[in-house]
Every structure is written in structure tokens, then in C-alpha cells.
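Naming convention: chains lettered A, B, ... in sequence-line order (proteins, then strands); numbering from 1 in each chain.
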Protein chains: 2
Amino acid sequence: MKRRVTLKDIARETGVHVSTVSRALDPVTRKAITAEVAEKIQAAAERLGYRPNRIAAGLRTNRTMTVGVMIPDITNVIFPPILRGIESVLEPLGYASIIVNTDGEKERESRLVNVLRDRGVDGIIHAAATRDDPMVARAAEDGMPIVTLNRRVEDGAIPFVINDEQSGICQMLRHLMELGHRSIAHIAGPQDLSTGQLRLAAFRDAMAETKLACDERLIATATHFDESEGARCVEQLLASGLRFTAVLCANDRLALGAIERLHEKGLNCPADVSVSGFNDMPFLNLIRPRLTTIHIEQHGAGQAAARLLVQLLNDAETDRLPTETVLPVRLVVRESTGPAPAP
Amino acid sequence: MKRRVTLKDIARETGVHVSTVSRALDPVTRKAITAEVAEKIQAAAERLGYRPNRIAAGLRTNRTMTVGVMIPDITNVIFPPILRGIESVLEPLGYASIIVNTDGEKERESRLVNVLRDRGVDGIIHAAATRDDPMVARAAEDGMPIVTLNRRVEDGAIPFVINDEQSGICQMLRHLMELGHRSIAHIAGPQDLSTGQLRLAAFRDAMAETKLACDERLIATATHFDESEGARCVEQLLASGLRFTAVLCANDRLALGAIERLHEKGLNCPADVSVSGFNDMPFLNLIRPRLTTIHIEQHGAGQAAARLLVQLLNDAETDRLPTETVLPVRLVVRESTGPAPAP
DNA sequence: AGCTGTCGTGCAATCGATTGCGTGGAGCTT
DNA sequence: AAGCTCCACGCAATCGATTGCACGACAGCT
């Protein structure tokens, strides 16, 4: 285990001062050095196998070239593509990211924000923001660049990237109506998550725009975005005794659970009941019936958030940045929706 | 944006020297300080909201409390649980991890090893090791603690954690034979990945132990671990004209692709052909027929690798650590395997 | 020739925490 | 009471890179 090569070693080797070496090796300051000297220094650096010590540089410059990424849970399939999107922007610029999972717990969220701050991250991409976390607010106040993803923040000071939930719900509802559905139920997501909330609100709005009455009893609210809640909610809808020919779900997993339970109850999808999802998560093409859903650009959302953060990191005038980025979504028609059955 | 609180601030506040503050705040060295003084210092630290600067500490101590984690691709569903396993061990100990994706490219792998080294990670968990990467070997030689995961390294110097592939293949083969299958095909994984290689070797060994002849023509080799290759391989097997009643696949995705293609060809699984997977990846319970597979402790493997790395990081006598950790696997019988059809 | 301006390089402080060593004083022994 | 030990704390160097400032040399101008 040999000691690593430092600027001092190169300085000794080439007979110049460390500051000269430092300047010669930084492309920005290199122009201040005689070409001949700079080349000699670069050659020596190469020969000795010099690798800059980012820690030391970070101490001096107060930049670590590291960003924190907060997500609810990496095992949730919608997040890995987001992370790859983030990485695709950040890695070429020399940034690395530290990823943390909040598991949707506020206590963990608060703690992890501080973990990231302690590590001196230059900024944070927050894809797991709860409505109001004091530590996040504090970090933002203290000047930490933050971008939230998938979660809208009321505050207004923090720029965010979201998908066009409203448009997605609207497109899906139109699709169902074009298929002849008039009695449409909704399985809403958890109302403490902004996606659940936004999609429910969008559903109500979209229903209001149609001439159809929106029967509140045809809305069931899940406590989690998972299959078992989808199953429970569809069962609740059935138990209400009200007729419905389609269920618009706030998320793919809810939809899958609902289809499963309907099947158990002897109802076929889409022949008897059409069911739609939201997110277009990976692997849907392997599950039968293939789910009609709203496609979201996960990768693109990650990229957008990362680009936004990079701007925050570089530009002094953060005022002129968009605080709100809304990404387009797209209806993907597959097999789980079909013509409404005759009454 | 106010300046952050440093040891110096606390020293000024309490009227002692920074070194005393440093000692009072470190639980290990605290015993060298008068209780009364230490309490005063802690109170001041608390009051001022002191947060230690890890960068500065890292520069001095040469430890960043950061580890690098290399995986092929985070969007592959088997990796997120591994990462959570790693996190569950590392995070409580104060470590953070930097995750990088190699995409299975050797060039990226080499580059990313250096990225991690430049960032001064204390160690690396390498779940994407190719057979012989010079940069990885160099890092190990230079004293970088490394543990590999899921990939065996011939070298011998680097400890590794793997699953008991051999046992898994063996259990599956026994299961198929108990169901009456005698003509068993194998869809092997890519032979440039150690899992593909190991599982194929295990299949040959296991077949040899039975009295059945292992017909090499009933082995198809995939170029990637994905559904389309599973489909292609099963088609190749069918095209051979040889009879087989079961296909043991090296991986779940190959199995899913194979089932799909069989179905397209009018062959039912498991009635006509039994198909088995390997890995027990998430979401299998949603896909019909539910796949019989070998369950791997992804989370446990991550934990094991992390624990091993932590030992390397702390203990001086690294000699006495196990260089080889083999984790047990478990047969999970579901619906894709059934009794062999009558000839 | 002398003056000014420019350019290349060196000097030294700095970032914040850690740590080996030195020192002064308290407390104990004889 | 003198001398000794030991302990708590201070001092200062250190980790490696960055950067404002100063200085010296040389060129260009009058």
C-alpha cells in the first residue's frame, strides 16, 4: 500500500511550486501558466499517476461534487429509472450521488436530510418530500440547493418537477368514455402523498367537465399504493352495490390488485369491468391482461430534476429559474380496457 | 445563508482550546476531559447547533465513512433489495454509499472504480465484477478493501459473497424429476457472467449425478438475461425436434420469455411443458402462471457483503476473514411446474 | 534610459478537524 | 515542605488543494 501522489510530489519532481502545479492541472487556470511548464507538469503528473484528492479540494472550496438523492424506497420499480436519469446528467459533469431511502417516514426524512448536509452534498434532489418537513425547510433556508421531484411543494421557494397528472387522468377518462363507459369508479391513492391527492383532485375536475355526475360513493381511497389495497378498494366498491363498468386507478399496482380481486369474484377484465392504471411501471408487459395506463417519463423526470439542480448549483441568479416543471404524460392503451358492456 | 458552526466557535464560546472541544465531542477521547468541562462543551455545541464537518475530518484521518457500491444496473429488479440490505448494515454505522452502474461494460467498470477511488471511499462492494478488471485488481493491490457480490473472483485475494447456485440447480432438478420429468432442457445464461457459467456447470454436474444422459443439444445459451433471449432459446430447443417436458432456466426472466413463446406456439405451461426460473425476483406473484423458482436472499446477500466489508475496514488482521461466503437458497414451488405429461 | 504594464510564478494563508507532544498545576508521598 | 507523579488541557503541525497577493522579470513605450 503505497502513499498516494500529491501536488507536492509533482512540485518536487518538476522543481516548481505546488501552486503552479495546481494551476497547471486545472484546465481553467491553466492559461495562466507557460505552455512549456504546464506540459512538463502534466507529463510528471501522468508519469507519477497523480489523482487529485477531492476531499482536500472540497475542504478548501466547500464543494464536494456530490448531490444527495432522497427517494421513498429504491425497491419500488418506478425509482430506479429516475435514478438512472439523474445519473445520466450528473455523472458526466463529475458529480456523484448519495441515495437514501426514507420509507415514507417523516422521522427518517428529517434525519436523512441532516445526514446529507453533514456529508456536505452540494445539493439535494428530493423525490420523497412530505408536505412539510422542518429539516428540509431549514436546509433550504440555509441555502442548500434543493429540487423536489414528483411532489409538489406549497412553499414556493423550492423548484419542483412533476408529471402532468391532471392531463393523464383527463386522457384516461376520455379514453374510457370513448369506449362507452358512463359509470366510472376511482381508486384513489393515499391522500397524504401529493400524487394521490393530485390524481383524485384531477379525477373530480375531469368528471365535473363531463356531464356525468361524480358519485362520491364510487371513489375508494387506498392507504398505500399496493396490490392489496387495490383489492380491498375494489371489493369495497362492489360491496356498495352501485353499478360501475370501469375503474380508473391512481396507480398501476392498485389496478393490478383490483383486477386480481375482480377475477376472484368472477368478473372478467376487460369484458365485465375495464381497469386502468397510472405510471406504466416496468414489467407490465408481462402481466395479463396487459394494463392500459398512463406512461410517465421516469428517466426524463430524473434528467429534468438533475438539470435543474445543476443550474441552481452553478448560476448565481437562481431567481430566474422555473420553479415549476411539468412533464408531459402519454396514454398507453393495452388490454385492460375495452368497450362498456351493455347494461 | 449563515456560516456553519465550527469547533473554533465552540472553543471561543466556552473559553477552551479547539483541541479540547474536539476531544470532548468524540465519545472515544472524551474520557480524557474533565466531566464538567465536557458537559459545558457539549451544551455549547448543542446550543450553537454544531455539526461536525466530515470533509475536514476526512482529510485529516483519511477516512470518509463512505463506501462505493458497483452494480450492473439499478433498474434490474434484483439489485434494489441488495442495496437495501447493504444500507441496513452500513447506515447505522454512519457509512453512506455511492452507487454506480456499470451496465456490464468493462470500460465503464474500470472508469468507475477510479471514480470511487478519487472520491476516497473507504471500501468497495462490487456486485458487477467482470472476470478480470485491471483497475479493480490495482485498487485491491493498493490496499483498497473490496468485497465482491454475486460474482466469484478467481484471484483469491478478494473475499466474495455468492449464493449457492449449485444447490439451487440441484434442488430444482430433483423437484422436476420427482414430478416425473426425464427429458429436461436447460436455457443457460450468458457465459461471460459468472452466474450464467456457474449455473450451467451446476446443471451438467447435477445431470451427471442422475442416471440421465445430458443431451448437449438440450442446452441453449442466452446472450442476455432477458425475456427475448428466453423466447429465442426455447424456440431453438423446439426447433431441434428433440422431446423435452421441462425447461430449467438459469434465470426468471429467461423463464418468463420461454413460457410466453411456448404459449404462442400453443404449448401450455405447466400442462405440456414445465418451466422453472432462478432468483425469485419481485413481482413474480403477479405473473401467470406463477413461476416455480429458486429463492435467493438478495437482502441477506447485501447484508453479508456489507458486514464483511465493515470487518475489512476495521480489523487489521484481514487474513483471518473468510474469503468465501456461500448463502443458502430455497426452492419455491408455484404453478409453472407440474407432473410430466404421459409420453 | 527610465517608466509603466503585463505576465508567470512563488509565498503563505486557508478550509476544519485531529493528534502527538509539551506543560503547568494539583495532589500525593516522605 | 520539597519533590514527585499524573492528568487535563493547550500548542502547533498536519492532511492536500486552492487562491489572493506580491514580486520579479521582461517588454513596450516615450
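In this structure, B:Leu308 and B:Phe160 have side chains that are not in contact, with every pair of non-hydrogen atoms separated by 4.5 Å or more. Considering only heavy atoms from C-beta on, A:Leu116 comes within 4.5 Å of A:Met70 through its side chain.
Place B:Val16 and A:Arg51 on DNA chain D by their nearest nucleotides, and B:Val16 ends up nearer the 5' end.
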Letter by letter from the 5' end, nucleotides 19-28 of chain C scores (B base, S sugar-phosphate only, - none; protein heavy atoms under 4.0 Å) BB--------
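Every salt bridge (Lys or Arg N to Asp or Glu O under 4.0 Å) that A:Glu107 has, sequence neighbours left out, goes to A:Arg111.
Remark: C1' of D:dA12 and CG of B:Leu7 are 15 Å apart, rounded to the nearest angstrom. If you take CD1 of B:Ile55 and P of D:dC15, they are 19 Å apart, rounded to a whole angstrom. When rounded to the nearest whole Å, the span between CD1 of B:Ile41 and P of C:dA17 equals 13 Å. As rounded to whole Å, 22 Å separates atom P of D:dC15 from atom CZ of A:Arg54. Rounded to whole angstrom, the span from the CZ atom of A:Arg12 across to the P atom of D:dG16 amounts to 12 Å. Between the CZ atom of A:Arg4 and the P atom of D:dA17 there is a distance of 7 Å, rounded to whole Å. Between B:Leu25 atom CG and C:dG16 atom C1' there is a gap of 13 Å when expressed in whole angstrom units. The interatomic distance linking B:Lys8 (NZ) with D:dC11 (P) rounds to 14 Å, in whole Å.
Using a 4.0 Å cut-off between charged nitrogen and carboxylate oxygen, B:Arg84 and B:Glu87 count as a salt-bridge pair. Looking at A:Arg4 and B:Asp142, no side-chain N of the basic residue comes within less than 4.0 Å of a carboxylate O on the acidic one, giving no salt bridge.
Tested against A:Tyr50, the residues A:Ile41, A:Leu25, A:Asp9 include a single side-chain contact (heavy atoms from CB on, under 4.5 Å) partner, A:Leu25. Between A:Asn163 and the choices A:Val326, A:Thr195, A:Thr325, A:Ile296, the side-chain contact (heavy atoms from CB on, under 4.5 Å) rule is met once, by A:Ile296.
Comparing D:dA17, C:dA17, C:dG8 against the side chain of A:Asn53 picks out D:dA17 as the nearest.
Residue-level contact check: B:Val21 touches neither bases nor backbone, having no heavy atom under 4.0 Å from any strand. Residue A:Ile33 is in sugar-phosphate contact alone, with no base atom involved, counting any heavy-atom pair closer than 4.0 Å across all strands shown.
Comparing the helix axis at one end of the helix from C:dA1-D:dT30 to C:dT30-D:dA1 with that at the other, each defined from 5 consecutive pairs, gives an inter-axis angle of 50° (nearest 10°).
No donor-acceptor pair closer than 3.5 Å links the side chain of A:Thr34 to the backbone N or O of A:Val37.
For the residue pair A:Arg119/B:Thr66, the side-chain donor-acceptor check at 3.5 Å is satisfied.
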